[in-house]
Protein chains: 2
Amino acid sequence: MRASDRAYQALRADIIEWRLGPGTVLGEVEQSARLGISRTPLREALSRLTAEGLTAPQPGRGVIVSEVTLEKITGLFDVRISLDCTAAALAAAHPDQRTFQQLTRRFESASSLIRESDGCQHEYYELVAELDAAIDEAAANPYLLQAQRQLRTHLSRVRRLAQDDVARLTASAAEHAQIARSIAQANADLAVASTKVHLHNSLQYLLAARANSNARITREEVPNG
Amino acid sequence: MRASDRAYQALRADIIEWRLGPGTVLGEVEQSARLGISRTPLREALSRLTAEGLTAPQPGRGVIVSEVTLEKITGLFDVRISLDCTAAALAAAHPDQRTFQQLTRRFESASSLIRESDGCQHEYYELVAELDAAIDEAAANPYLLQAQRQLRTHLSRVRRLAQDDVARLTASAAEHAQIARSIAQANADLAVASTKVHLHNSLQYLLAARANSNARITREEVPNG
DNA sequence: GGAGCGTCTTCTGTATACAAACAACGACGA
DNA sequence: TCGTCGTTGTTTGTATACAGAAGACGCTCC
């Protein structure tokens with residue numbers, strides 16, 4: 001694998017998993033030394049990150065990790081609803097029935113999988129990613145795919161701000177099952193409606209989590225101030 | 001301005017204006033020599049173009065200009081309808097009334113501007129770009145803007161395949177006026193409907209142009225074959 | 001004491017040299 | 001005659017050196 005690819009993936013993971021917080025200055029010399037490569041492949045990695053919007057060029061100070069706050073999450077979901085509904089409608093037009101029927105069953109039985117242990121949530125997120133991939137493939141639209149990919153990058157970043165709990169994941173599994181079922185039945189209207197419902201609930205959950213988080217922060221920080 | 005920026009803009013223009021056709025191999029040495037720069041800034045330019053989708057890495061032979069045919073235009077418009085309608089709805093939620101009222105009037109009087117001479121169509125396209133920019137600003141959604149920008153790059157490329165005629169531009173002006181008016185009135189539903197109508201008509205026109213073009217090509221090429 | 005200017009340091013942007021990989025072409029053997 | 005292997009040439013990927021620019025710091029003058 002190319003050094004620039006390794007640098008890109010390493011930096012991308014560091015940013016998405018909040019090891020590099022917003023505002024962090026990514027000096028070329030510093031980062032290339034940290035990753036054990038020279039500046040040339042590192043610059044290519046930074047270019048790709050900047051194109052994705054994970055980093056932004058700072059006028060006189062290289063590139064910095066871009067800001068992503070829960071404040072921006074509504075805007076993110078406005079676009080996500082638009083694209084995911086389009087993808088669901090396109091997928092429902094030419095679905096691979098067997099694939100989506102299987103996904104429906106797996107989501108229906110996922111509730112037990114979620115409850116088993118907290119560590120297994122990783123498997124659930126992979127199942128969600130599989131559904132996304134199946135929808136992408138069925139939609140068969142490279143322009144849509146490109147837009148979705150960038151959006152999901154930002155989403156995976158904000159998702160870390162609010163950990164899902166078991167109750168939400170269980171509800172989420174039922175919503176995903178409904179989406180998969182609608183597509184398997186080639187019912188575009190229902191697929192769009194299911195997607196809207198799911199994303200609405202996801203956003204509401206995240207906004208509620210933000211409210212709780214803010215309240216907690218306020219309680220913790222005011223005594224110190 | 002940086003050499004990499006100049007290279008990016010030069011190559012981008014060359015691709016969009018079809019001076020570099022799809023499938024063209026962009027060798028690093030060759031292109032850097034042509035643009036009078038070294039390979040390093042050229043590689044950065046190619047990275048940006050690849051991220052945009054204008055070029056694609058060829059497994060063993062560098063990057064090539066990506067294919068864009070009228071066949072793919074339906075897929076392009078599926079995404080465009082989705083994003084433009086979202087943008088129109090968001091803009092209608094917080095419109096700068098004065099701006100959109102002015103744009104409405106300019107589109108209403110644009111029909112005469114279109115007829116005056118063929119060269120002035122450039123001004124009309126700039127007016128359309130102004131409306132797009134105004135909607136972008138009113139929508140105030142960086143994620144939407146990012147997705148739109150990439151989509152418009154591809155659109156400007158396929159638009160060259162079918163030159164608009166005066167009749168279509170006149171109808172287009174009326175449709176744009178309707179969109180601007182709807183947003184000025186803060187009527188989100190109407191703004192979405194107007195946008196859908198406009199994009200539907202634009203797509204129909206392009207598809208009809210493709211049919212004509214294919215027919216013409218068939219007539220011209222069959223005698224030679 | 002504050003503001004402005006100059007110098008110094010450090011960073012990015014660019015060029016170029018080198019190495020590794022891939023493809024094409026030719027020669028040899030079956 | 002066809003297939004395979006080796007060689008060669010071109011290409012990309014990487015490292016490094018150099019130049020230019022921008023910011024920081026300190027000094028001096030008002």
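Protein chains get the first letters and strands the later ones, always in sequence-line order, with residue 1 at the start of each.
- As rounded to whole Å, 9 Å separates atom P of C:dG13 from atom CG of B:Asp5.
- Put simply, CD1 on A:Ile64 is 13 Å from P on C:dT12, counting in whole angstrom units.
- Atom pair A:Glu28:CD and C:dT10:P shows a separation of 16 Å (rounding to whole Å applied).
- Between the CG atom of A:Leu203 and the CD1 atom of A:Ile81 there is a distance of 6.5 Å, given to the nearest 0.5 Å.
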Inset, instruction - Begin from the C-alpha positions of A:Glu17 and A:Ser156 and carry the test side chain to side chain contact (heavy atoms under 4.5 Å, CB included) through to its verdict. - result: CA-CA 9 Å; A:Glu17 293 166 17; A:Ser156 59; over 6 Å; no
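- Distance CZ (B:Arg2) to P (C:dG13): 5 Å, rounded to an integer number of Å.
- Both B:Val29 and B:Thr40 sit near DNA chain D, but only B:Val29 has its closest nucleotide nearer the 5' end.
- Where DNA chain D meets chain A (any atom under 4.0 Å from a heavy atom), the bounding nucleotides read 5' to 3' are D:dG13 to D:dA24.
- Where A:Arg39 and B:Val25 meet DNA chain D, the nucleotide closest to each residue was compared, and B:Val25 sits on the side nearer the 5' end.
- Rounding to whole angstrom units, CD of residue A:Glu44 and P of C:dG13 are separated by 15 Å.
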Legend entry - side chain to side chain donor-acceptor pair (under 3.5 Å) evaluation trace for B:Ser32 with B:Ser38: CA-CA 5 Å; B:Ser32 60; B:Ser38 81; over 6 Å; no
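- If you measure from atom CE of A:Met1 to atom C1' of C:dA21, you get 17 Å, rounded to the nearest angstrom.
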Inset, instruction - Report the C-alpha distance between B:Leu76 and B:Arg80 in whole Å, list the side-chain angles of each, state the deciding distance to 0.1 Å, and finish with yes or no for side chain to side chain contact (heavy atoms under 4.5 Å, CB included). - result: CA-CA 6 Å; B:Leu76 199 54; B:Arg80 192 187 178 193; 5.9 Å; no
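- For the residue pair A:Arg168/A:Ser202, the side-chain donor-acceptor check at 3.5 Å is satisfied.
- In the model, B:Arg12 has no side-chain atom that pairs as donor or acceptor with a side-chain atom of B:Gln9 under 3.5 Å.
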